[in-house]
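In what follows, chains are A, B, ... by sequence order, proteins preceding strands, each numbered from 1. All values derive from a computational prediction rather than experimental measurement.
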There are 2 protein chains.
Amino acid sequence: MKVALATPPDTATLLDLDKQLCFPLYAASRLLTRIYQPLLERYGLTYPQYIVLIILWEKTPCSVTEIGERALLNSNTLTPLLKRLEQQGVITRTRDSGDERVVMIALTEHGRALKSKCACIPTEMQKRLGFDPDKAIALKQLLDEFLRHLRAHASDHLA
Amino acid sequence: MKVALATPPDTATLLDLDKQLCFPLYAASRLLTRIYQPLLERYGLTYPQYIVLIILWEKTPCSVTEIGERALLNSNTLTPLLKRLEQQGVITRTRDSGDERVVMIALTEHGRALKSKCACIPTEMQKRLGFDPDKAIALKQLLDEFLRHLRAHASDHLA
DNA sequence: AGCGATTATATCGCACAAGATATAATCGCT
DNA sequence: AGCGATTATATCTTGTGCGATATAATCGCT
């Protein structure tokens, strides 16, 4: 029963914007970051800087490589970002005495203090966003799984 | 029955990286774009340029504003990007004779021809990615809904 | 017709991203 | 011990993103 001949599953159709998986990911990531921005700029932070701080609030000090593995960023992005955080007095950068290649990043007192100031951000974001919490949890679970898959894919393609 | 006192639902806990919704979105978007890159660079395209072309392949010509509404980008990002596409001979930029404020973007012959060359990209990406198609569909549906929500949120906060 | 408000695009400045390459320190093997 | 390979960061370049502002064209209202 060839009833669908009028609109064949043309390969070209797959190129429509609303067929893409990557586009809503790309767009949603940017739009969500825009909502973070007004909350973060109170403390002079950008979103990537906030991510780095979250990593350091969990464990300090960290090497640049450790931060990079967690945030999925390389030194070409991290080095300038960390220098800016150092300028702002949020972190310190020190060469590891055991291995002089390594730069250890540690929170300053100010950096540590920012944690309690930022503590309200997740709740505040949830409130501002007003997205159904059940759906948000489902989305997060799928995204986490997808990210695990992408991480594995990325490490495959280093060799 | 206060049994959970040992690990109270501390606000600080919400600041852990694996509690964030935005981070997997941000990271997955970047990792996925990295997988697109080798496919796109054959045609000298970046991922945002590819998005703009997808929009134009669906409808040409388009005004800069129309493209911006679809791609969720403003002229500060689009103008330079479109100038680069123009340099590469993929599009043309012409002032609208009816309304001199508007710049109309149209595909060139080369730009049109790129569509058939890029037709294999969605399928090729799916193959390279190797992510469970059912989960990909579920993820896309949730992401689309989330993006609709974010769009509505964004337009609310213009006033 | 005239003029303030709106709209479309452009420009500027700063901060990511990420590929390519450089540099210095450490490791591993003989 | 010595030296080529690996590792950790840094640097350079190009291309976004985006807030803020500029500029020119059009609209709306009297």
Check your understanding: Looking only at heavy atoms, what is the nearest atom pair of Leu82(A) and Arg93(A), with distance?
Key ->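 Here Leu82(A) and Arg93(A) meet closest at O-CD, 3.9 Å.
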Practice item. Could you tell me the separation between the CD1 atom of Ile51(A) and the P atom of dA15(C), rounded to a whole number of Å? Key: 18 Å
Point to revise | Rounded interatomic separation in angstrom, taking CG from Leu85(B) and P from dT14(D) | key: 17 Å
Check your understanding: With the sugar-phosphate defined as primed atoms, P, OP1 and OP2, and the base as all remaining atoms, what B/S/- string results for nucleotides 16-29 of chain C, 5' to 3', for protein heavy atoms under 4.0 Å?
Key -> SBBBB----BS---
Point to revise | Cationic N near anionic O, under 4.0 Å, Lys127(A) to Glu124(A) | key: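 Answer for the salt bridge query: yes.
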Point to revise | Side-chain N,O (Lys83(B)) to OP1/OP2 (dT16(D)) below 4.0 Å | key: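 Result: no.
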**Study point:** More than 12 heavy atoms from other groups under 6.0 Å of NZ on Lys59(A)
**Key:** yes
Review point. In whole angstrom, what separates Glu69(B)'s CD from dT9(C)'s P?
Key: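 One finds 10 Å between P of dT9(C) and CD of Glu69(B), rounded.
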Check your understanding: Is the shortest distance from a Lys or Arg side-chain nitrogen in Arg112(B) or Glu109(B) to a carboxylate oxygen in the other one below 4.0 Å?
Key -> yes
Check your understanding: Over how many whole Å does the gap from Met104(B) atom CE to dA10(C) atom C1' extend?
Key -> 18 Å
Point to revise | Rounded distance [0.5 Å steps], OG1 in Thr65(B) versus CZ in Arg70(B) | key: 14.5 Å
Point to revise | Aromatic Phe146(A) / basic Arg148(A) pairing, under 6.0 angstrom, 45° off normal | key: no
Check your understanding: Rounded to whole angstrom units, what separation is found between the CG atom of Leu78(B) and the C1' atom of dT11(C)?
Key ->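 The answer, rounded to whole Å, is 14 Å.
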Review point. In whole Å, what is the span from the CZ atom of Arg95(A) to the P atom of dT9(D)?
Key: 7 Å
Point to revise | Spacing between Ile105(B) atom CD1 and dA8(C) atom P, to the nearest angstrom | key: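 Nearest whole value for this atom pair: 14 Å.
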Practice item. Could you say whether Arg93(A) or Gln88(B) is positioned toward the 5' end of DNA chain D, judged by the nucleotide with the nearest heavy atom to each? Key: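 This one resolves to Arg93(A).
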Check your understanding: Between Tyr36(A) (OH) and dG17(D) (C1'), how many Å, whole number?
Key ->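 Roughly 18 Å, once rounded to whole Å.
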Check your understanding: Which pair of heavy atoms, one from Tyr36(A) and one from Cys22(B), lies closest together, and at what distance?
Key ->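 Residues Tyr36(A) and Cys22(B), closest heavy atoms: CE1-CB, 3.5 Å.
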List, one per line, each side-chain donor-acceptor pair under 3.5 Å for residues 39-56 of chain A, sequence neighbours excluded.
| residue | atom | partner | partner atom | Å |
| --- | --- | --- | --- | --- |
| Tyr43(A) | OH | Lys117(A) | O | 3.3 |
| Thr46(A) | OG1 | Gln49(A) | N | 3.3 |
| Tyr47(A) | OH | Phe23(B) | N | 3.3 |
| Gln49(A) | OE1 | Thr46(A) | N | 3.1 |

**Study point:** Secondary-structure notation, DNA chain C, from Watson-Crick and G-U pairs under 3.5 angstrom (| other strand)
**Key:** ||||||||||||||||||||||||||||||
Check your understanding: Counting heavy atoms not belonging to Gln126(B), are there more than 12 under 6.0 Å from its CD?
Key -> no
